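Just below is one structure, and these are the notes that go with it.
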Number of protein chains: 2
Amino acid sequence: MANPAADAHEPATARGHRTRQKVLDAAEVVFGTRGYEAASIVDITRAAGIAQGTFYLYFPSKKAVFAELVGELGAKLRRTLAAAVADLDDRLTVERAGLHAFLGFVREHRNLYRIIRQAEFVDEALYRDYYSKLAEGYRVGLARAMTEGQIRKLDPEAVAFALMGIFDFLGMRWVLWEGKLPPQHVLDDVFALVRDGLGLQSSTFNARASNAPKRSR
Amino acid sequence: MANPAADAHEPATARGHRTRQKVLDAAEVVFGTRGYEAASIVDITRAAGIAQGTFYLYFPSKKAVFAELVGELGAKLRRTLAAAVADLDDRLTVERAGLHAFLGFVREHRNLYRIIRQAEFVDEALYRDYYSKLAEGYRVGLARAMTEGQIRKLDPEAVAFALMGIFDFLGMRWVLWEGKLPPQHVLDDVFALVRDGLGLQSSTFNARASNAPKRSR
DNA sequence: ATGAAACATGAATCGCTCGTCATGTTGCAC
DNA sequence: GTGCAACATGACGAGCGATTCATGTTTCAT
């Protein structure tokens, strides 16, 4: 258990590496389209163009490939997001860039994204780990911005999960359901909500608040 | 297909109704804890205290019970939320009450809530239907509040999904992961984010921001 | 070039699940 | 109380999927 890859037989030759990668690539497609439980090892090996037994040369079980895919996805997403906001100073700019990078990532990795959503029922620990790591990075960034007075002081973990929830549902509704990024006005409106929810003040509000609230019904 | 309950053999006696209900209750527990795919018909019938064959007297398949549970859950949640906000005029008050009612519902129906999250991989149509119906009710309420000038004008569907995302992740992080409602300061901070994200004006920002949030760490 | 280790194969095993069915048992209308 | 429809049972067949293994092939360090 010390070495996370200990269970998965590491290839010793170039051919081995190639085959192992074929399995991972095939598993990503098969799990993403059929779902974890519905996917069989045969589905994966057939998609990879190898024999069933070969699978077990590189992975001890179906769950092991799945776990590796989830781990890879998490790392890749965190890298992508970190790179997307690396040079940005202002937190609200970071949020906008992060939202955009996240949705682009989901669009480019729909299978992987569906895999994460299944992890909850395949291996709870894996799933919590994915979100916990993501949230932790997010929390640290938010906390710093709060300290620096860029955004209002709120519980940073609560804000991290709230924002992840927004992103996740946008990804589901537009990217997964419609296969494309949300229309620009949706992105603008959601960002407006985030900006003014997080902002210290609302100088950017349009001051047309003359419309006095009326009672409904 | 015309009658949604056509597939499920309707009981003709009181005993039949009781047995059918035993199956539904058991299925809720088994699906919620083991997960849909991992759950077998035997698991369900054993939990219900009936014979395997009896299951097929009332449901044509595993998926059929699952679908019925999802439908029931959706209806029950929508009823709960509608009741919780029925007498409220102000939209921000509605949002706060809705958040509270939703989290309470999740806490009281953890199994059902986990079932919804699996629906995505069991029957995509079922799953979209659940969220679409929920979002549609939400959208209408938001659109009216926007028309009445209670909250700012944004794309109501985008806002509905964003807010559902927030609620969903709070439910996941605190209710599902920790088994209890989020601490008060988390609710306060999230609501502050929603209020100022949706609010018409920010004149209240500084005043409110200084009293509500207590430092969490 | 060679031989040992690594890799690949796919048929076979084992365990499990779905769904059926022949055989009882119970509820209820009369 | 009788009889029939509804309900309940649990063993069984058919099938499938994860994993193993005996056998063959390829790679590569020497």
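Just so we're on the same page: letters track the sequence lines, and every chain starts at 1. The shown structure was predicted, so the numbers you read here are calculated from the model rather than taken from an experiment.
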Round to a whole Å and report the spacing from CD1 of B:Ile44 to P of C:dT17. 12 Å
Report the C-alpha separation of B:Glu72 and B:Lys76 in whole Å, then their side-chain angles, then the decisive distance to 0.1 Å, and conclude whether the salt bridge (charged side-chain N to carboxylate O under 4.0 Å, His left out) test is met. CA-CA 6 Å; B:Glu72 269 186 10; B:Lys76 199 186 291 187; 5.4 Å; no
Which parts of nucleotides 2-14 of chain C does protein reach within less than 4.0 Å, heavy atoms only, written one letter per nucleotide 5' to 3' as B for base, S for sugar-phosphate only and - for none? ----SSBBB----
Tell me: OH of B:Tyr56 to P of D:dC12, nearest whole Å? 18 Å
What's the verdict on side chain to side chain donor-acceptor pair (under 3.5 Å) for A:Ser132 and A:Asp129, showing C-alpha distance, side-chain angles and the deciding distance? CA-CA 5 Å; A:Ser132 299; A:Asp129 189 62; over 6 Å; no
Would A:Tyr36 and B:Phe121 count as a close aromatic pair, with their ring centres under 6.0 Å? no
If I take atom NZ in residue A:Lys63 and atom P in nucleotide D:dT19, what distance separates them, rounded to the nearest angstrom? 11 Å
Got a list of side-chain donor-acceptor pairs under 3.5 Å for residues 101-115 of chain A, not counting sequence neighbours?
{"unit_1": "A:Arg110", "atom_1": "NH2", "unit_2": "A:Leu176", "atom_2": "O", "d": "2.9"}
{"unit_1": "A:Tyr113", "atom_1": "OH", "unit_2": "A:Asp168", "atom_2": "OD1", "d": "2.4"}
{"unit_1": "A:Arg114", "atom_1": "NH1", "unit_2": "A:Gly32", "atom_2": "O", "d": "2.8"}

Protein-nucleotide distance (B:Glu37, atom CD; C:dC16, atom P), rounded to Å: 18 Å
May I have the distance from B:Ile41 (atom CD1) to D:dG10 (atom P), rounded to whole angstrom? 17 Å
Backbone of B:Phe31 reached by a side-chain donor or acceptor of B:Gln118 within 3.5 Å: yes
For B:Ala38 and B:Arg18, find the nucleotide of DNA chain C closest to each by heavy atoms; which residue's nucleotide sits nearer the 5' end? B:Ala38
Between A:Arg20 and A:Tyr58, is NZ or CZ placed under 6.0 angstrom from the six-membered ring centre and within 45° of the ring axis? no
Roughly how many Å is it from CZ in A:Phe59 to C1' in D:dT20, rounded to a whole number? 18 Å
